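Structure first, then comments.
Keep in mind that the numbers below use all heavy atoms, side chains included, and drop hydrogens, waters and symmetry copies. Everything numeric in this text was worked out from a predicted model, so none of it was measured.
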Amino acid sequence: MSVAPSVASHRPVSSFPDFLRALLSDRERFFEEVVDDVGLSTKLRYAAATIIGLSGFFGVVAGAYSGPLQAVSAGIKLPFLFFATFAVCFPAFYVVQVLVGSRLRLLQVVVLVLSALALTSILLAAFVPITAFFLVTGANYYFQHLLNIALAGAAGLFGMYALHDGLTVVCEKRGVYPRKALTIMRA
């Protein structure tokens with residue numbers, strides 16, 4: 001019988017490459033570290049940098065269809081949109097989590113949600129070659145627009161799936177996140 005290694009047996013996420021690796025391939029460890037209050041401020045900084053850099057990169061490429069000024073504008077607008085959406089939606093999300101019995105602290109929930117947005121940004125950056133391909137092949141504006149919406153939607157769904165998946169791990173292993181909150185999140 002094998003026992004899953006604890007967070008203490010791993011080196012905590014302490015560098016940007018570690019952060020990216022944990023988000024992409026070791027999310028269970030990442031979520032366990034968040035629950036254990038390991039390096040929350042570091043994870044928060046890396047998540048914010050990822051959102052700004054990678055969603056901005058996707059925005060630049062997506063906006064390039066309409067010229068360099070629109071590319072720069074979209075590169076600024078997309079990270080702003082992520083953070084503005086967070087600012088508008090997070091208070092209600094956090095209050096609902098508290099009301100249904102979550103024992104996660106405010107900073108832990110902030111890190112979890114921003115990390116899900118960071119994962120969304122990583123996926124958006126991974127989709128840049130697709131957007132760039134259609135940009136250089138002369139696809140029409142409406143196709144480009146719909147393509148970018150579809151790619152952003154797919155990345156967003158996966159980011160929220162990863163958040164739900166991580167909270168499920170926290171719920172099952174630690175009992176700090178209630179099952180009924182998972183049901184509400186699923187809905």
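- Atoms CG and CD, from Leu112 and Gln97 in turn, are 10.0 Å apart once rounded to the nearest 0.5 Å.
- The backbone N or O of Val98 sits nowhere less than 3.5 Å from a side-chain atom of Ser102 that would complete a donor-acceptor pair.
- The two residues Pro79 and Gly75 have their closest heavy-atom pair at CD-O, 3.1 Å.
- Residues Val35 and Glu32 form no side-chain contact, since every pair of their non-hydrogen atoms from C-beta on lies 4.5 Å or further apart.
- In terms of the salt bridge (charged side-chain N to carboxylate O under 4.0 Å, His left out) criterion, residue partners of Arg105 (sequence neighbours excluded) are, by chain and number, Asp37.
- Shown here are the side-chain contact (heavy atoms from CB on, under 4.5 Å) partners of Leu24, two or more places apart in sequence or in another chain: Leu119, Ile122.
- Put simply, CZ on Arg29 and CG on Leu23 are 10.5 Å apart, with the number rounded to the nearest 0.5 Å.
- Side-chain atoms of Gln108 and Arg103, non-hydrogen and from C-beta on, never get closer than 4.5 Å to each other.
- Follow the hydrophobic side-chain contacts under 4.5 Å out from Val60 and you never reach Leu78; the two are in separate clusters.
- Rounded to the nearest 0.5 angstrom, His145 NE2 and Asn140 CG are separated by 11.5 Å.
- The OG1 atom of Thr42 sits 10.0 Å away from atom CD of Glu33, with the distance rounded to the nearest 0.5 Å.
- Shown here is Leu99, whose CG atom has more than 12 heavy atoms of other residues, nucleotides or ligands within 6.0 Å.
- Looking at residues two or more places apart in sequence or on another chain, you find no side-chain contact (heavy atoms from CB on, under 4.5 Å) involving Pro129.
- Within the structure, the ring-ring contact (aromatic ring centres under 6.0 Å, His included) test picks out the following pairs touching residues 25-63 (sequence neighbours left out): Phe16-Tyr46, Phe19-Phe30, Phe19-Tyr46.
- Residues Leu114 and Phe82 have side chains not in contact (no heavy-atom distance under 4.5 Å, counting atoms from C-beta outward).
- Remark: Ser66 engages no residue in a side-chain hydrogen bond (donor to acceptor under 3.5 Å, both in side chains) (not counting sequence neighbours).
- Annotation: the span from Arg45 atom CZ to Leu40 atom CG amounts to 11.0 Å, rounded to 0.5 Å.
- A search for ring pair (Phe, Tyr, Trp, His ring centres under 6.0 Å) contacts involving Phe143 returns Phe134, not counting sequence neighbours.
- Screening residues 115-129 for side chain to side chain donor-acceptor pair (under 3.5 Å) gives no qualifying pairs among residues at least two apart or on separate chains.
- The ring pair (Phe, Tyr, Trp, His ring centres under 6.0 Å) test applied to Phe80 returns no partner, not counting sequence neighbours.
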Output a table of donor-acceptor pairs, distance under 3.5 Å, between side-chain atoms of residues 84-94 and any protein atom two or more places apart or on a different chain; print 'none' if there are none.
from: Thr85; atom 1: OG1; to: Leu81; atom 2: O; distance (Å): 2.8
from: Tyr94; atom 1: OH; to: Leu106; atom 2: N; distance (Å): 3.4

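- Clustering of Ile, Leu, Val, Met, Phe, Trp and Tyr side chains at separations under 4.5 Å places Tyr65 together with Leu135, Tyr141, Tyr142.
- When hydrophobic side chains of Ile, Leu, Val, Met, Phe, Trp and Tyr are connected at separations under 4.5 Å, Ile76 ends up clustered with Val72.
- Side-chain contact check for Lys43 versus Val34: some heavy-atom pair is nearer than 4.5 Å.
- One finds the CG atom of Leu123 at 12.0 Å from the OG atom of Ser55 (value rounded to the nearest 0.5 Å).
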Compile the donor-acceptor pairs under 3.5 Å between side chains in residues 147-163 and protein atoms, sequence neighbours left out, one pair per line.
from: Asn148; atom 1: OD1; to: Thr131; atom 2: OG1; distance (Å): 3.0
from: Asn148; atom 1: ND2; to: Gln144; atom 2: O; distance (Å): 3.2

